[in-house]
2 protein chains.
Amino acid sequence: MKKRLTPQREAILKLIGNSDQHWDAEGIAHVLAKMGCSIGQATVYRGLAALEKEGLIRGIQLVDGKKRYERAGKQHHDHFVCTACGSITEFSHPAEAQIFEHLSRETGAVIHGHEFVVFGFCASCREAS
Amino acid sequence: MKKRLTPQREAILKLIGNSDQHWDAEGIAHVLAKMGCSIGQATVYRGLAALEKEGLIRGIQLVDGKKRYERAGKQHHDHFVCTACGSITEFSHPAEAQIFEHLSRETGAVIHGHEFVVFGFCASCREAS
DNA sequence: CATAGTATTGAGAATGATTATCATTCTCAT
DNA sequence: ATGAGAATGATAATCATTCTCAATACTATG
Ligand SMILES: [Mn+2]
Ligand SMILES: [Mn+2]
Ligand SMILES: [Zn+2]
Ligand SMILES: [Zn+2]
């Protein structure tokens, strides 16, 4: 049999797919519980892993221990994390492609993915400091 | 009082400072134990944190859950991790500076640091597959 | 030199995120 | 209906890391 899109996975997918947030497992469980359809935490983790494997959501690691998920389909981007307020800003720059190209040419490696996280103070937190 | 460079911290520093590896706490404890001077695990973690705060070693996060440390003083670089053999390759590219410049100019953020990890198959693992 | 006041240590408990177990329930194609 | 393979939920278990706390080790003064 194949992977199934169960009601709980649908709930997770709908939540992530209809927002631009970067969700962690706990946040998802929390919101779903508040919405009435609470799911066992193990099921949340398994559901997230399954949905990611299917390419329906995208998982990222923001150096804070917990894995986050965002909806799939957005164009490639990296993340800036404000260490003061925790806000996450997406960004991208064409030069990144050159870096990958150079890296694989120099080393002969095949690149499968990457994680580029920049941190500091966002504009408003910079002023407030 | 000030931070002290105790014998156990010196041992950790010497280990990291004299190699080009990317050590995790467990690896350090293991090697030091094998060398006769075993240290409590809490002390290893505290020592690493202290040495990092003093700028004597540099901590990095390679998306695998455990924090790694390398000797300070090496020029800036990022890391390529082979997901097949686990080898870590260092690289750098001048275009990265442009990305930061662009990001801070566009968003008004102050950048304090970053973590750029690329993963895939290294040259030898690519052939072997 | 005695001594108060910090820093550090080590053993072990505790934490937080995630995964593994396992018995039960669900689904789908015969 | 039925049996094999998925999925669920409650709970135990992992893993890296941090916390607690009693015992030491240093340091700066008096
Ligand atoms: Mn994003
Ligand atoms: Mn390095
Ligand atoms: Zn901020
Ligand atoms: Zn390799």
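Numbers restart at 1 for each chain; the letters A, B, ... are given by sequence-line order, proteins then strands.
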Q. Aromatic rings His22(B) and His79(B): how do their planes relate, parallel, tilted or perpendicular, breaks at 30° and 60°?
A. perpendicular

Q) Under 4.5 Å between side-chain heavy atoms, hopping through other hydrophobics if needed: is there a path connecting Val63(A) to Phe80(A)? A) no

Q) Hey, does Gln8(A) have a side-chain heavy atom less than 4.5 Å from the side chain of Leu32(A)? A) no

(Q) Whole angstroms only, please: what is the CZ-P distance between Arg4(A) and dT25(C)? (A) 15 Å

Q: Over 60° means perpendicular and under 30° means parallel, so classify the ring planes of Phe116(B) and Phe116(A), tilted if in between.
A: parallel

Q | Lys67(A)/Glu52(A) ion pair, N-O < 4.0 Å | A | yes

(Q) Please tell me if Thr6(B) has a side-chain N or O lying less than 4.0 Å from either OP1 or OP2 of dT9(C). (A) yes

Q.
In this structure, how many angstroms lie between the P atom of dC26(D) and the NZ atom of Lys3(B), rounded?
A. 18 Å

Q. Taking protein heavy atoms under 4.0 Å as touching, what does nucleotides 11-20 of chain C look like 5' to 3' if B marks base contact, S marks sugar-phosphate-only contact and - marks none?
A. BB----SBBB

Q: List the steps, then state whether side chain to side chain contact (heavy atoms under 4.5 Å, CB included) holds for Phe91(B) with Ile99(A).
A: CA-CA 9 Å; Phe91(B) 72 91; Ile99(A) 298 179; 3.9 Å; yes

Q. For Leu48(B) and dA16(D), what is the distance between atoms CG and P respectively, to the nearest whole Å?
A. 14 Å

